[in-house]
Amino acid sequence: MGNLKSNRRIEPRLLKGFRDYPPEEEMARQTLIARVRSIYERHGFLPLQTPALEYAETLLGADYTADNLKDLFGFRGPDDVDMALRYEFTVSLARYIAVNPELALPFRRYQYGPVWRVDKPGPGRFREFMQCDFDIVGTSSMLADAEIIAVMVEVMSALGIRNFLVRYSNRKLINGLSTFAGIPDNRLQDVFRVIDKLEKQGQEAVALELGPGRTDRSGDKIPGLNLEKKQIDYLMRFIDIASAPPSDLLDSVEKLLGNIEVSRQGLTELRLIAQYLSRMEVPADKTRIDITIVRGLGYYTGPVYETTLLDLPEYGSVFSGGRYDNLIERFSSKSLPATGSSFGVDRMLAALIALNAVTLTKATSQVLVTAMDKTLLDNYISLVSEIRRAGINAELFMGETKNLNKQLKYADRIGIPLAVISGSDEFQSGTVTVKDLRAGAERARNLTDRKDWLKAEQVQETIDRSQLIPYLKSKLSG
RNA sequence: GCUGGGGUAGCUCAGUUGGUAUAGAGCGCCUGACUGUGGAUCAGGAGGUCGGGAGUUCGACUCUCCCCCCCAGUACCA
């Protein structure tokens with residue numbers, strides 16, 4: 001078994017929509033996650049992890065078919081079980097809550113990790129990607145929704161993003177409007193899906209999709225919902241109100257929908273959230289009610305939230321969510337209100353990179369101990385150990401070469417800032433040489449002559465061996 | 001999924017109407033020089049079955065068909 005030898009060379013390739021996370025990205029991502037976690041935990045959210053694989057029926061509901069299994073990474077696995085990779089965390093959260101009835105409610109939890117979807121990959125869009133959620137389960141209070149929004153604002157700020165806006169609304173506004181306009185409940189989801197395109201496709205396209213449909217730029221036909229003209233007019237009139245000045249936005253909505261019970265309830269909830277946000281001292285310029293926000297997804301029942309980057313509008317919503325009060329109905333007859341929000345880690349990271357809000361580094365070592373003389377190996381080993389004991393990240397060069405040349409090049413390429421050089425000269429005089437590679441790179445910019453470049457003044461110093469640690473520390477803090 | 005456009009070295013691309021293309025450039029990479037110093041410079045070098053398969057032809061990177069993959073728009077997004 002396993003010993004069959006084949007000379008076939010395997011092409012090194014990745015599955016469609018999958019990718020590697022190179023060190024510099026992964027380090028930036030871990031920093032991002034650490035910042036986000038600290039905000040979540042400051043608000044009392046607890047970490048929860050759930051398995052990547054779940055029963056197909058857990059993810060899809062009882063009446064899934066083999067066809068449904070193809071819509072996600074689903075398959076018949078070991079023990080003849082139909083299983084699938086999770087495509088989000090919410091269903092797993094619901095399952096967790098359903099099997100842990102003793103859980104103290106409201107339950108605040110956050111979860112991050114990879115999820116998998118069989119989508120067409122695009123720029124910033126993959127089949128395996130990192131998602132980061134946080135939710136409050138077990139309360140209908142608008143206080144929870146306000147807190148979700150407040151956390152979103154804090155997270156964005158903590159990531160170093162200044163120019164963003166969290167907009168929110170309430171689906172109940174349109175729920176009521178639709179009843180009023182005679183749009184059947186089972187079409188509501190479609191209506192939300194179409195209205196969700198407002199930002200990207202514009203009012204005309206939305207009006208067309210609510211009606212007969214339209215043709216996209218490549219000439220492809222997009223079917224419409226075929227609503228009656230009167231119904232479309234109602235919806236478009238509502239959408240028009242969105243451009244009213246914020247001060248009397250809600251009053252305008254009230255004029256149009258104030259006599260519809262559901263809509264009025266939605267209005268009340270929106271006002272409550274705004275009130276709570278202000279009491280929480282969430283910066284007023286970071287949140288705004290925008291009644292065109294609806295979210296395209298099916299399960300939202302009330303307030304919905306979206307975050308846009310004002311400097312990168314093409315990124316769309318980078319952090320969004322809403323209230324979904326039907327959370328565990330798949331697993332229990334009980335109903336459990338919940339609200340939460342999530343962001344795609346990779347997309348957020350891409351945004352941070354685009355905004356220059358992160359620095360990418362390729363090295364974790366701060367010091368490279370070079371090794372040019374085999375007979376001094378013991379010396380090198382104790383040097384690097386000593387540096388590490390002092391709490392400085394360091395590595396000993398382990399390549400095949402003795403060329404100082406190559407060793408410094410190695411350090412330069414991955415961005416290790418300092419190199420410790422210790423040949424026989426230094427060893428005999430009880431000194432070490434420390435080279436500051438960053439200063440060297442800076443200096444090299446204006447030099448074309450190699451002799452000048454080699455002079456190395458202000459770029460390296462030979463110091464007493466006993467002074468090494470303090471010297472390194474002062475270099476690194478400066 | 002649908003519509004459209006592409007696939008030539010690791011990357012970006014060039015390659016005249018099918019035959020001096022057993023395929024080139026820049027960047028990158030490797031080796032060496034500059035006597036223990038990353039940059040710059042100079043000199044060498046490795047690397048491609050021209051996405052895969054079938055066909056047309058005396059002959060195909062260049063033409064035809066099928067497949068795969070990539071890009072753009074759009075749909076779906078639980």
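Order of the sequence lines sets the chain letters (A, B, ...), proteins ahead of strands, with each chain counted from 1.
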Problem set entry | Polar side-chain contact A:Q407-B:rU37 base: donor and acceptor under 3.5 Å |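 Looking at the base of B:rU37, it does not pair with any donor or acceptor on the side chain of A:Q407 (distance under 3.5 Å).
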
Problem set entry | Side-chain donor/acceptor contact of A:Q460 with base of B:rG38 under 3.5 Å | no

Salt bridge between [X] and [Y], side-chain N to carboxylate O under 4.0 Å?
X: A:D145; Y: A:R323; value: yes
X: A:E199; Y: A:R167; value: yes
X: A:D412; Y: A:R438; value: no
X: A:D196; Y: A:R193; value: no
X: A:D135; Y: A:R108; value: no
X: A:R29; Y: A:E24; value: no
X: A:R187; Y: A:D185; value: no
X: A:E395; Y: A:R388; value: no

Using purine N1 to pyrimidine N3 plus N6-O4 or O6-N4 for Watson-Crick, or N1-O2 and O6-N3 for G-U wobble, both under 3.5 Å, which nucleotide pairs with [N]?
N: B:rG36; result: none
N: B:rC58; result: B:rG19
N: B:rU12; result: B:rA25
N: B:rG48; result: none
N: B:rG1; result: B:rU74
N: B:rG7; result: B:rC68

Nearest-angstrom distance, [atom1] atom, [N] to [M]:
N: B:rC50; M: B:rC13; atom1: C1'; answer: 13 Å
N: B:rG26; M: B:rC67; atom1: P; answer: 39 Å
N: B:rG53; M: B:rU8; atom1: P; answer: 16 Å
N: B:rU22; M: B:rU12; atom1: C1'; answer: 26 Å
N: B:rA40; M: B:rC29; atom1: P; answer: 9 Å
N: B:rG28; M: B:rG45; atom1: C1'; answer: 14 Å
N: B:rG10; M: B:rG4; atom1: P; answer: 32 Å
N: B:rA14; M: B:rC63; atom1: P; answer: 15 Å

Applying a 4.0 Å non-hydrogen cut-off, can you work out what [X] is touching in the nucleic acid: base, sugar-phosphate, or nothing?
X: A:Y410; result: nothing
X: A:R214; result: sugar-phosphate
X: A:L72; result: base
X: A:D425; result: base
X: A:A441; result: base

Kindly say if [X] contacts the phosphate of [N], meaning a side-chain N or O under 4.0 Å from OP1 or OP2.
X: A:R193; N: B:rC76; answer: yes
X: A:W453; N: B:rU37; answer: no
X: A:K120; N: B:rC76; answer: no

Whole-Å distance separating the [atom1] atom of [X] from the [atom2] atom of [N]:
X: A:D190; N: B:rA75; atom1: CG; atom2: C1'; answer: 13 Å
X: A:R127; N: B:rG1; atom1: CZ; atom2: P; answer: 8 Å
X: A:L454; N: B:rC34; atom1: CG; atom2: P; answer: 11 Å
X: A:D449; N: B:rC42; atom1: CG; atom2: P; answer: 14 Å
X: A:Y300; N: B:rC77; atom1: OH; atom2: P; answer: 13 Å
X: A:F397; N: B:rU37; atom1: CZ; atom2: P; answer: 15 Å
X: A:I421; N: B:rG38; atom1: CD1; atom2: P; answer: 10 Å
X: A:R117; N: B:rC77; atom1: CZ; atom2: P; answer: 11 Å

For this session: With sequence neighbours excluded, tell me which residues meet side-chain contact (heavy atoms from CB on, under 4.5 Å) with A:Q131.
Result: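 Once residues adjacent in sequence are excluded, the partners of A:Q131 under the side-chain contact (heavy atoms from CB on, under 4.5 Å) criterion are A:F89, A:V115, A:F129, A:D133, A:S342.
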
Problem set entry | NZ or CZ of A:K16 within 45° of A:W116 ring axis and under 6.0 Å | no

For this session: Identify whether NZ of Lys or CZ of Arg in A:R19 sits under 6.0 Å from the centre of the six-membered ring of A:F126 and within 45° of that ring's axis.
Result: yes

For this session: Just say parallel, tilted or perpendicular for the rings of A:F45 and A:Y40, cut-offs at 30° and 60°.
Result: tilted

Review item, nucleotides 27-33 of chain B N/O atoms under 3.5 Å of protein N/O:
residue	atom	partner	partner atom	Å
B:rC30	OP1	A:R413	NH1	3.2
B:rG32	OP2	A:K406	NZ	2.9

Exercise. Nearest nucleotide by nearest heavy atom, which residue falls closer to the 5' end of RNA chain B, A:K16 or A:M372?
Worked result: A:M372

Problem set entry | Residue whose closest nucleotide on RNA chain B lies nearer the 5' end, A:P223 versus A:G423 |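 The residue mapped nearer the 5' terminus is A:G423.
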
For this session: With the side chain of A:E426 defined as its heavy atoms from C-beta on, choose the nearest nucleotide among B:rC69, B:rG36, B:rG38.
Result: B:rG36

Exercise. Looking at residues 194-210 of chain A, who's got a heavy atom less than 4.0 Å off RNA chain B?
Worked result: A:K197, A:K200, A:Q201, A:E209

Exercise. Within the distance-only criterion (no hydrogens, no angle test), does the side chain of A:T431 pair as donor or acceptor with the backbone N or O of A:F427 below 3.5 angstrom?
Worked result: no

